[in-house]
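Notes follow once the structure below has been shown.
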Protein chains: 2
Amino acid sequence: MFPTTDADGRPLLATLKDVARLAGVSVKTVSNVVNGYEFVKPDNRRRVEEALATTGYRPNIGARNLRRGRTGSLALVLPELSIPYFGEMAGLVLEAAGEHEWNVLIEQTLGTRDRERSTLAALGPHMIDAAIVSPEALHARDFDQLDPGIPVVMLGEHSVDVPIDHVGIDNVLAATVATSHLVELGRRRIAAIGAHPYRGTATQRLDGYRAALTAAGLPLRHEYIVQALNYHRRDGADAMAHLLSLPEPPDAVFCFNDLLAIGALRAAAEHGVSVPRDVAVVGFDNNEESAYSMPSLTTIAPDKAAIAHSAVDLIRRRININGGQNLAPEDVQTPFSLEIRESTR
Amino acid sequence: MFPTTDADGRPLLATLKDVARLAGVSVKTVSNVVNGYEFVKPDNRRRVEEALATTGYRPNIGARNLRRGRTGSLALVLPELSIPYFGEMAGLVLEAAGEHEWNVLIEQTLGTRDRERSTLAALGPHMIDAAIVSPEALHARDFDQLDPGIPVVMLGEHSVDVPIDHVGIDNVLAATVATSHLVELGRRRIAAIGAHPYRGTATQRLDGYRAALTAAGLPLRHEYIVQALNYHRRDGADAMAHLLSLPEPPDAVFCFNDLLAIGALRAAAEHGVSVPRDVAVVGFDNNEESAYSMPSLTTIAPDKAAIAHSAVDLIRRRININGGQNLAPEDVQTPFSLEIRESTR
DNA sequence: TTGAAAGCGCTAACAG
DNA sequence: CTGTTAGCGCTTTCAA
């Protein structure tokens, strides 16, 4: 009985030819059946299907892709899977890509431009059909690294001035919403944690923060804008500690991601400052943990599933339309909401 | 100049043959150079290297693998990337596999036996060279789904009685250490959250918990053992709420993972119960967030990097030694430590 | 030391 | 409707 093993005890994989021989037809007919081609003589179809079953035939995807000139894989390039936001996004991209029979090759760049560049370069045209990139430090010309025939969609970051599809939320607007929420709470000394010299989303969120303050007639105080070179919990704690040491500490803080905010919560507690009474805190990303922090965190909640699906759709569009060249780059804005929790109640 | 584009503007990828023609040698010679074969006439080598450079040649990995009969990919089968433990593990496995030029195909099972089974079945022998599986609900015979020629290593879970390589920490011992820590704190009413009808690690952790109580001469009280069908934060909160409603609530809780513990911390706070004063809490996994929860969480910290590396090493061993068949299954125990933080101080 | 050629498993003209 | 056959790009005998 099939599948069987050879002399060495290794499993013997049935090929199209094996199936054809067993069914007494040509490989073409078997291929037709396997690929759901309609016009196959019923009798042959039956015999082929039987042979398929007894051999336990499984197509060799590698060979098929070689022949078809595609790889069946997408690359997902992101800083680090251990960062909750990217872990959650990756899971959703996996699901979305799976619906179209794509495998996803995940590459971690650890957020350094060097690794982002070399990853793009290593993504040979033979490895992947397209790439979804969540850049952190990339410059425009770094995209030369990538084979021009490969469709790319960028997630989140959009400052890089390069004609590439992009999907993400309106960061400026979201930051305005977050900051305005603090204003409406009656807070007047509102700080921001997460300014960054060249990260595009940071710039946009800072713009939104500034816009909200200006709209409310509040002064922009430079000492309330704290830079964060990394966006980990520790950085948030450090920044918050700094803010609380100011002569006139803020009564509210808008953090550019949830990890910074979680760190800020801890620093506040360690300084004996009560959240939200003394200082209200808003985050950004809506990580799952933010609903369970103490206090739970008010945060901007991007529709991550929508981001994942839009990214995959953009890719499909480019792959289906000729080579995807000469198609104007699209910029998809996905929805977000403000999730109000204890840190601002 | 290469790489160039054809009439349609599509990039033209140089093949071995192109390079050979340009260098005026045979494909064999080019192949030799590309693969670092030593004995190539210096003059030819130079010409080939020049041609390689001007064409921007990149080997077609798919074709190479087809010919070599390998795929260059590992499967990593886990419940969900959005769960911090698995996000962190996945990142480490990616790194470890990358050191040996393996791509990693991540498959999410969402922890259901059905999806775990179908995932194993779909992992055709042509897609991957081996699989790293972190099972949650798998039964022994589900492994029949997988092609017998494919080496598998199981992570964490080891109850499934099947002759397969395994790597993980000693769950019984770790649970004993965690529980004994609570005993040493002077706690006498120690509860456990996370019992599960068929999850192997749950059984082992429960065993360790029982052993520690018995060793300390403490009674086993069945009302202190709370089942959790899922291991999310919500389940921990529910379980803790239940425990606190008992006539005689516990003065310590050992949670079978950090998410349960995080949920437990929140429920305690909501019930006005102070941690660790009224009830001490220990978790398991050492998720990054546990160092920043309020209070920070004492937890069992498995050496995750060691797990990832051991898993990849076990696979390499099986792939290098013949087909890996007839090699006794190995059980690698990786180190762990008890990370003591505020929740037990 | 290198060339010629076979063939990994599959798809897709092209005949018939 | 189906068989034959030519490759996809690469590695690898086998000879030379």
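Each chain gets a letter, A, B and so on, in the order its sequence line appears, and its residues count up from 1. Values in this document were obtained by computation on a predicted structure and should not be read as measured data.
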Report the residues that fulfil side chain to side chain contact (heavy atoms under 4.5 Å, CB included) with B:Arg67, sequence neighbours left out, ordered by chain and then residue number. none
Quickly, which of B:Arg318, B:Arg317, B:His166 forms a side-chain hydrogen bond (donor to acceptor under 3.5 Å, both in side chains) with B:Glu330? Name it, please. B:Arg317
If you compare all heavy atoms of A:Ile315 against all heavy atoms of A:Ala130, which two are closest, and at what distance to 0.1 Å? CG2-CB, 3.6 Å
Could you run through nucleotides 8-16 of chain D and give me one letter per nucleotide, 5' to 3': B if any protein heavy atom sits under 4.0 Å from the base, S if only the sugar-phosphate is that close, - if neither? BBBBBB---
Check the phosphate of C:dG3 against B:Thr29, side-chain N and O only, distance under 4.0 Å to OP1 or OP2. Yes or no? yes
Taking all atoms of both residues into account, what is the closest heavy-atom pair of B:Trp102 and B:Arg70, and its distance? NE1-NH2, 3.5 Å
Within the 3.5 Å criterion, strictly below it, is a donor on B:Thr71 or B:Asn65 matched to an acceptor on the partner's side chain? no
Specify the separation, in whole Å, of atom OH of A:Tyr37 and atom C1' of C:dT11. 13 Å
Length of the CD-P vector between A:Glu38 and D:dT2, whole Å: 13 Å
Rounded to whole Å, please give me the gap between CZ in B:Phe39 and P in C:dG3. 17 Å
If I take atom CG in residue B:Asn65 and atom C1' in nucleotide C:dG7, what distance separates them, rounded to the nearest angstrom? 16 Å
Taken to the nearest 0.5 Å, the spacing of B:Glu88 CD from B:Leu92 CG works out to 7.5 Å
